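In what follows, a single structure is set out as structure tokens and then discussed.
None of the values given here were measured: they were computed from a predicted structure. Proteins come first, then strands; the chains are lettered A, B, ... in the order of their sequence lines, and each starts at number 1. What you see below is based on every heavy atom in this structure, not just the backbone, and it leaves out hydrogens, waters and symmetry mates.
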Amino acid sequence: MEDKIKQIKEEFKEKIKNKSLKELKELEIYFLGRKGKVSILFQFFKTVPKERRKHFGAKINELKSFIEKGISTEIQRAESIEASRKLEEEKIDVTLPGIKLHTGGLHILSQTISRAEDIFLSMGFDVMVGPEIEEDYYNFEALNIPEFHPARAMQDTFYLSKKILLRTQTSPIQVRIMEKYKPPIRIIAMGRCYRKDAPDSSHFPVFHQIEGLVIDKKVTFANLKGTLSLFAKRMFGEEVKVRFTPSYFPFVEPGAETSISCVICGGKGCSVCKNTGWLEMGGSGMVHPNVLKNVGIDPEIYQGFAFGWGMERIAMVKHKIPDIRMFYQNDLRFLKQFKG
Amino acid sequence: MLTSIKMLKSIIQFDYTPEELGEKLSMMGLEVEGITKVRHRFDGIITGKVKTIHHITDTKLNKAIINVGNENVQIITAASNLKSGDVIPVALPHSKVVSGADILKKDFKGIASSGMLCSYSELGLDPEILSGEEKEGILILPADTPVGEKIEDILPIDDDYLELSLLPDRADAFCLRGVARWIEIIKAKEEDRWANFSQLEEAVSLKMEGVTNIPIIIENKEFCPFYSGRFIKDVTITASLLSLRQKLFMLRMRPVNNVVDITNFVLSFYGQPLHAFDADIIKGKICIRPGKKGEKIQTLDEIERNLSNANLVIADESGPIAIAGVIGGFKTAVTEKTKNVLLESAYFSPRCVARSARNLGIITDASAIFERGADPLFPSKASIVAANLISKEAYGIPAKDNVVSYLPPKNPVNLRIARAEKILGEKVEKKSLRKYFNFEGFDFVEKEDQFIVSALSFRVDIKEEVDLIEEIVRMKGYNEFGEALIVGELKGAKRTEYENFIWDLKEKLVKLGLDEIQTISLVSESSLDLVGYTDKKKLIKLLNPLSIDMAFMRPLLLPTALSVLERNKKSENVNVSIFEVGKVFYKEKLFKETDELGILLSGARTSKNYLGVHFPYSLLYLKGLFEELFLYYDVPVTFAAEKFSFMHPYQSAGIYLKEEKIGYLGTISMAVLNKLGLTDEVFYGAINVEKLLEHYGGKINFETFSLYPSVKRDIAIIVDEDIAEKDVRNAILSVAPHELQKIILFDIYKGSPLPPGKKNLAYSLEFSSVDKTLKGEDINKFIEILEKTLQEKVNGKIRKE
């Protein structure tokens, strides 16, 4: 009997070496199964004298637990080998490109408009809108540009009827706002304008303007410059300067063309600023008393300033976009460059 | 406007480089856009006089003997416009023409030719400023041109020109003398003195004989407050002599004849438009009156024009002979035959000339000046200057002019110092004002806290107080003012509710993976025809489109979205998922505009990849996007199958909010795509944004959600194939308990073992309660009721395993 136990133990020691998980499961049955080697030993029990049974019982149990322990250790070992083999099989070449999921973005004009609105909102300007189809009165007459005024020739206008046109500027919104609200007024208005300009790299029949209007009792020429200067710094960078050159818009007096120091060359002179060091952004000036009178505001009490800059121009300068037509072509290779 | 620096220097002395002058003028409000430097590109070409010219038999050539000063040379030429006595440019051997070719001595069939005679092109002259005769054949110079002189000394070719871009308020600078006046102001400012314009005025004493007998009547005194007519007898009309030709050359005026050249010279040099009539053709008295309907006039450009009361005309007893301030008549024009001239020098009001010119659709040098505002006090002087020149150049004998004047006196303008300070935001010293007004040559009277200013008559931009405030800024310098931020009440700035909504909408669409596009709002009729737009009555057409491609206001966003797609497919951008939120326009008695949202999809959400993971866009993907929007804005819409001319007939739907249609979506028909050369499927949908906002509450309140585990139940429903899924879903919802949280359709199946004509819809239902854990039994009751309802409403059965 003892030999048998010894023999089984030796056989187990021999067989347990380097077995796979599956083989280990088979071994478990082979030794410990109902008809396994160890179970069979118990069948020999009857042949063992009673006084020896206790002794053998202990021996067999010892063998059983030896095998159990041995198998479970080996199973653990085999499992961990199996697991790491499996992980290895699942290896992914992490240098492979990821799957590209298409994501959306706002048009660069919208991004620029949104940024400009945010800057002016932070300066306490309300954001207003107005119609694109406009009356001659709001687009011209109320802005001190009566019929046949030579300034009309500065803005080639699309007409829908004799007195209805596509607004050539956002300035008519000034008039609409002043008709509706009492001063103090501090607004910007954003939107599409139309001029009969043949498309080229800097002209397009459709474009966007940002209009500003501030009316109060003590709004001065210095405030105009301070406001535009702050806007330019927030939009283009702290180092940017604003310059005025004399200009003429019938609804402002004094009127000025506003330029910023060239953001490309820092004002030293380059091809973008045509060696002037300055980039023209749009018109500005002190609201003409006639405009105030037209909307029933007393110009002796209230005064203010207005400005109108081109949004495409701002975006072109800020992002070095060479051609205004790109905004309206909507080539995805263009749109996708401006993440937002 | 190109302004000659050489000519400016002939009347005012200054030492600025052209670039410096350009910058200084720009800072005064005369924008100089650039400087053109012209230099002669020939060498050694001199003037010569034709002594004799003979045709060489059996050739197309002529033999000319030319005097070139100290010698005579023989030159063979093919030119046929020469006669003896003509002064012409001669390129002697070893000289160079603009092409760079060296001129050599040549032999023509044994006859020697010592050089060549030149046309304008060999000299590189700008044909724009030459007369018709000067451009034909050899350039014939004025008869009094000295011979043996270098051409570059005869024609002032070498010059720098300022490219001036003048704004309408700078009427006073639309002539050479006007620019010179601003140089005088710049100098006065730099030298801190009073501007002296009188140095720019030539003193002229005119010898006159007799008076002008032609009567002049002004009917419209507002439009024509001043008219001078001067009779000049016995004129000799020829080409202008050298000194005038040189001036015209620098002023870039095309020569016509001496009298016309003089009127043109006065216009471009002094800024006063004049007109010369052939006095012998004028019948009876001159009347300045509105045109009459039905009247016609053939103008100088030989075009017959219809007149109306929008035109002020100069008429004689036979009818209109000129359109006031715009253009003269052909019939009374000065020609070689003219013996006696009537010289008109008048002031026509800006509104009068602008209306007339606009009405006729023409712009002339004269109308450009009058409509901006000519100097009302200059016509008298201009007439004297011109008559003096005519007497010298054309040997005419001027009479005293017949003047009719209704000119009102010009009132001085008051400037309140306090007002200026209030507008400018800084202290304005009296002594500074004195300086500034001196620099500009204004007369003024000081009165305590006011300045009463009389600007010179040509300063038509000085009309009211604010104009003087602008002059303070101009004279001090636009950039000499400080910067200050606005001081005001803090009030919490905001966008309009509508604008907030638009931004929110755009951001939502971007989150859904779409790219925003912005397209032109002007479209062609053919792009509308392409998508079968038929509502032509609502369509808005521009009265004056730029081209047929941009003749209509877009009534929908689809055509431009398709052209964006077309463009991108051509650039190999295969996957396109774009949206635009933009204005669309229509006519309904009045012109209307409203915002539309259009979404277009083509290709796939994922780009081509090695895993074969592909997520192609489809109609139901597009519908999902719209559903997400409607859910987000809590707008209860329904989709109903509907046909559109540009959509696949069985893959399109109208989008309804209650009974109102607010949009549509579908698969663009292949017929449309084929016309655009597109092959991939395209899905498009659009909704009216304003309708969306109207129904959007905009308020979000917290809603309790269940903290208990949910119960899921899958059911399979067999219905007839043609039953709409929406009806099955509605049947479920009609009896569902409020605990039903989600209803997901996860499978649609047709075919065996189902009987033909049937389909199986598999739904996953999820229930949860806010106050207890649900049990299976709670759901069973609902399923029992549902069985009955499905039977009744959609003839459906719940399939049991």
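- Two rings, from A:F307 and A:F120, have their centers less than 6.0 Å apart.
- At a 4.5 Å heavy-atom cutoff, the contact between B:R358 and chain A is made by side-chain atoms alone.
- Both the backbone and the side chain of B:V466 come within contact range of chain A, with heavy atoms under 4.5 Å apart.
- A salt bridge links B:R554 and B:E580; the closest N-O separation between the charged side-chain nitrogens and carboxylate oxygens is under 4.0 Å.
- If you tally non-hydrogen atom pairs under 4.5 Å between each of A:A151, A:G255, A:G285 and chain B, the highest count goes to A:G255.
- Using a 4.5 Å cut-off between heavy atoms, B:E421 does not touch chain A at all.
- Both the backbone and the side chain of B:S521 come within less than 4.5 Å of a heavy atom in chain A.
- Classification of A:K162 and A:D136 as a salt-bridged pair fails, no side-chain N sitting under 4.0 Å from a carboxylate O.
- Only the side chain of B:K491 comes within contact range of chain A, judged by heavy atoms closer than 4.5 Å.
- Both the backbone and the side chain of B:N479 come within less than 4.5 Å of a heavy atom of chain A.
- Residue contact with chain B, scored on non-hydrogen atoms closer than 4.5 Å, involves the side chain of A:I99 exclusively.
- Judged by the 6.0 Å distance and 45° axis criteria, A:R176 is positioned over the aromatic ring of A:Y138.
- Contact of B:K570 with chain A is not made at all, since no heavy-atom distance falls under 4.5 Å.
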